Trainee: 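Would you mind keeping the following structure in view while I ask a few things?
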Amino acid sequence: MTHDICLNIHYSAPKEIWDMIGEVYSSMDYWCGYENGGCPSWKGEKVDLCASSEPGGIQISGEMPDDIWDKWYGELKSKLSEKLGYDIGEPEDGYKFKYWTPFEKKYSDIISVDSKQIVFSDHSAFYWEDLTEYERDITAERPYFLFSSPLIKLYIFFDNTGIFSKKKQRREFREFQSKLKDLNIRTLDLS
């Protein structure tokens, strides 16, 4: 009867995505609007749910009889998936977050790279299994590697300054490319 779930919708989604989410919310049974400081809410006989945006995703919690919940929750996930264009579910069940803003990292902030992941000095980690496309461009104004999938984009820039910066950028770029090659990660050259 008491439910507390998180969905794989990241709090950093842009306004147009939140507008789409609001459309889905308002289409659901028991919708009663925004209450308690603007929280989306659903109310009815033995129904009292609210939603909020949390670091772990959209949280929906409250009371709803299990027989109603099963249908309602399935419909909510289905409508959100259709509207947002990717599978919506609970991260603990393996559903991945979509990040609308690309991650931009500096090459100099890499702590480690191995066959599983790449880790940066801010402790962020990106797993190769979550990335499907690999590109590079040494001729760009800021040389970069781009690792992406439909859910995420990770740019790694080579951003040196000074009199020998171009030479250093090229050397670091080629070293990184060689390291990736040793890990069987091939990148498409866009230069």
Side-chain angles (χ1 to χ4, degrees), residues 1-106 109 111 116-135 146-157:
M1 198 126 146
T2 298
H3 302 279
D4 189 7
I5 56 97
C6 281
L7 297 175
N8 61 325
I9 300 174
H10 199 261
Y11 66 88
S12 66
K15 182 185 180 320
E16 58 269 14
I17 298 299
W18 289 110
D19 291 344
M20 287 190 258
I21 293 167
E23 290 173 23
V24 171
Y25 282 170
S26 65
S27 74
M28 296 298 296
D29 288 344
Y30 305 102
W31 174 249
C32 71
Y34 296 89
E35 295 187 346
N36 303 328
C39 291
S41 299
W42 299 267
K43 298 209 185 289
E45 187 177 331
K46 297 183 182 178
V47 174
D48 186 6
L49 295 174
C50 68
S52 62
S53 176
E54 306 296 337
I58 287 182
Q59 181 177 11
I60 298 176
S61 59
E63 303 285 326
M64 182 178 271
D66 288 339
D67 58 327
I68 297 172
W69 172 261
D70 292 339
K71 180 180 180 280
W72 186 91
Y73 183 50
E75 183 181 336
L76 176 70
K77 291 190 299 183
S78 177
K79 285 182 173 183
L80 285 169
S81 296
E82 184 178 330
K83 192 75 157 173
L84 300 181
Y86 71 103
D87 289 336
I88 301 298
E90 296 179 62
E92 67 185 33
D93 292 335
Y95 288 86
K96 303 287 185 188
F97 283 91
K98 178 171 180 145
Y99 299 94
W100 286 270
T101 304
F103 291 92
E104 293 189 4
K105 303 288 186 179
K106 286 195 214 173
D109 290 334
I111 292 177
K116 247 178 92 175
Q117 66 185 352
I118 183 167
V119 180
F120 293 88
S121 59
D122 63 0
H123 305 290
S124 59
F126 298 87
Y127 296 89
W128 299 119
E129 68 183 28
D130 295 336
L131 303 162
T132 56
E133 297 178 33
Y134 313 107
E135 301 172 351
L146 168 61
F147 305 102
S148 63
S149 75
L151 299 178
I152 189 171
K153 285 186 178 181
L154 167 64
Y155 283 94
I156 299 176
F157 290 101

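This structure is a prediction, so every number in the text was calculated from the model and none was measured.
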Trainee: Return yes when atom CD of Glu16 has more than 12 non-hydrogen atoms of other residues, nucleotides or ligands closer than 6.0 Å, and no otherwise.
Mentor: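 Check passes, neighbour count above 12.
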Trainee: Among Asp130, Asp87, Asn8, find the one that has a side-chain hydrogen bond (donor to acceptor under 3.5 Å, both in side chains) with Lys96.
Mentor: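 Single side-chain hydrogen bond (donor to acceptor under 3.5 Å, both in side chains) partner of Lys96 among Asp130, Asp87, Asn8: Asp130.
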Trainee: Could you tell me which non-hydrogen atom of Trp18 sits nearest to which non-hydrogen atom of Ile9, and how far apart they are?
Mentor: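 Shortest heavy-atom contact: CH2-CG2, 4.4 Å.
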Trainee: Please determine whether the number of non-hydrogen atoms from other residues, nucleotides or ligands lying under 6.0 Å from atom CD of Glu63 exceeds 12.
Mentor: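 Counting other residues, nucleotides and ligands, CD of Glu63 exceeds 12 neighbours.
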Trainee: Take Trp100 and Ile17, measure what side chain to side chain contact (heavy atoms under 4.5 Å, CB included) needs, and give me the verdict at the end.
Mentor: CA-CA 9 Å; Trp100 286 270; Ile17 298 299; 3.6 Å; yes
Trainee: In terms of the angle between their ring planes, are Trp42 and Trp72 parallel, tilted or perpendicular, with boundaries placed at 30° and 60°?
Mentor: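 Geometry flag for Trp72 against Trp42: perpendicular rings.
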Trainee: Between Leu7 and Pro91, which heavy-atom pair has the shortest distance, and what is it?
Mentor: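 Taking Leu7 first and Pro91 second, the nearest heavy atoms are C-CD, 4.1 Å.
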Trainee: Roughly how far, to the nearest 0.5 Å, is the CG atom of Asp67 from the CE atom of Met1?
Mentor: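 Nearest 0.5 Å value for the CE-CG distance: 9.5 Å.
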Trainee: Counting distance only, does the side-chain N/O of Ser41 pair as donor-acceptor with the main-chain N or O of Cys50 below 3.5 Å?
Mentor: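 A pair under 3.5 Å: no.
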Trainee: Do the non-hydrogen side-chain atoms of Tyr86 and Tyr95 ever get within less than 4.5 Å of each other?
Mentor: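 Sidechains of Tyr95 and Tyr86: no contact.
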Trainee: Is there side-chain contact between Val47 and Asp29, with heavy atoms separated by less than 4.5 Å?
Mentor: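 Val47 does not reach Asp29 side chain to side chain.
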Trainee: Could you check whether any side-chain heavy atom of Tyr73 comes within less than 4.5 Å of a side-chain heavy atom of His3, counting everything from C-beta outward?
Mentor: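 No. Closest side-chain heavy atoms not under 4.5 Å.
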Trainee: Does the side chain of Ile118 come within less than 4.5 Å of Ile156's, by heavy atoms?
Mentor: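 Yes, close enough: below the 4.5 Å cut-off.
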Trainee: From Ile58 CD1 over to His10 NE2, what is the distance, rounded to the nearest 0.5 angstrom?
Mentor: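 It is 11.5 Å, given to the nearest 0.5 Å.
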Trainee: Do you know the tightest heavy-atom contact between Ile152 and Leu131?
Mentor: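 Heavy atoms of Ile152 and Leu131 come nearest at CG2-CD2, 3.5 Å.
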Trainee: Over all heavy atoms of both residues, which pair between Cys32 and Lys43 is shortest? Give the atoms and the distance, please.
Mentor: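 Where Cys32 meets Lys43 most closely, the heavy atoms are SG-CG, 3.5 Å.
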Trainee: Determine the interplanar angle of the Tyr99 and Phe103 rings, folded into 0 to 90°, and report it as parallel if under 30°, tilted if 30 to 60°, perpendicular if over 60°.
Mentor: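 Because their plane-to-plane angle is over 60°, the rings of Tyr99 and Phe103 count as perpendicular.
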Trainee: About how many Å separate CD of Glu75 and CG of Leu80, when rounded to the nearest 0.5 Å?
Mentor: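 If we round to the nearest 0.5 Å, Leu80:CG and Glu75:CD are 10.5 Å apart.
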Trainee: Would you say that Thr132 contacts Pro150 through its side chain, given a criterion of any heavy-atom pair below 4.5 Å between the two side chains?
Mentor: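 Yes, their side chains come closer than 4.5 Å.
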Trainee: Do Ser27 side-chain atoms and Val24 backbone N/O form a donor-acceptor pair below 3.5 Å?
Mentor: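 Side chain of Ser27 to backbone of Val24, a donor-acceptor pair under 3.5 Å: yes, one is there.
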Trainee: Please round to the nearest 0.5 Å and tell me the distance separating atom CG of Leu49 and atom CD1 of Ile68.
Mentor: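 Taking CG in Leu49 and CD1 in Ile68, the distance rounds to 10.0 Å.
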Trainee: So does Lys153 have more than 12 non-hydrogen atoms from other groups sitting under 6.0 Å from NZ?
Mentor: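 No, not enclosed.
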Trainee: Counting only heavy atoms not in Phe157 (residues, nucleotides, ligands), do more than 12 fall under 6.0 Å from its CZ?
Mentor: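 More than 12 within 6.0 Å, yes.
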Trainee: Is it the case that atom NZ in Lys106 sees more than 12 heavy atoms from other parts of the structure closer than 6.0 Å?
Mentor: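 No - once you tally the heavy atoms of other residues, nucleotides and ligands closer than 6.0 Å, there are 12 at most.
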Trainee: Distance check, rounded to the nearest 0.5 Å: Tyr30 atom OH versus Glu45 atom CD?
Mentor: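 Tyr30 OH to Glu45 CD: 8.5 Å, rounded to 0.5 Å.
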Trainee: Students often mix this up, so state it plainly: with edges at 30° and 60°, are the rings of Trp31 and Tyr34 parallel, tilted or perpendicular?
Mentor: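 Because their plane-to-plane angle is over 60°, the rings of Trp31 and Tyr34 count as perpendicular.
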Trainee: Kindly give the heavy-atom pair with the smallest separation between Ser81 and Ile88, and that separation in Å.
Mentor: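 Smallest heavy-atom distance, with atoms named: OG-N, 2.9 Å.
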Trainee: Nearest 0.5 Å, please: how far is NZ in Lys105 from OG in Ser121?
Mentor: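 NZ of Lys105 is found 7.5 Å from OG of Ser121.
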Trainee: List the atom of Tyr11, the atom of Ser53, and the distance in Å for their closest heavy-atom pair.
Mentor: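 Nearest pair, atom of Tyr11 first, then Ser53: CB-OG, 3.2 Å.
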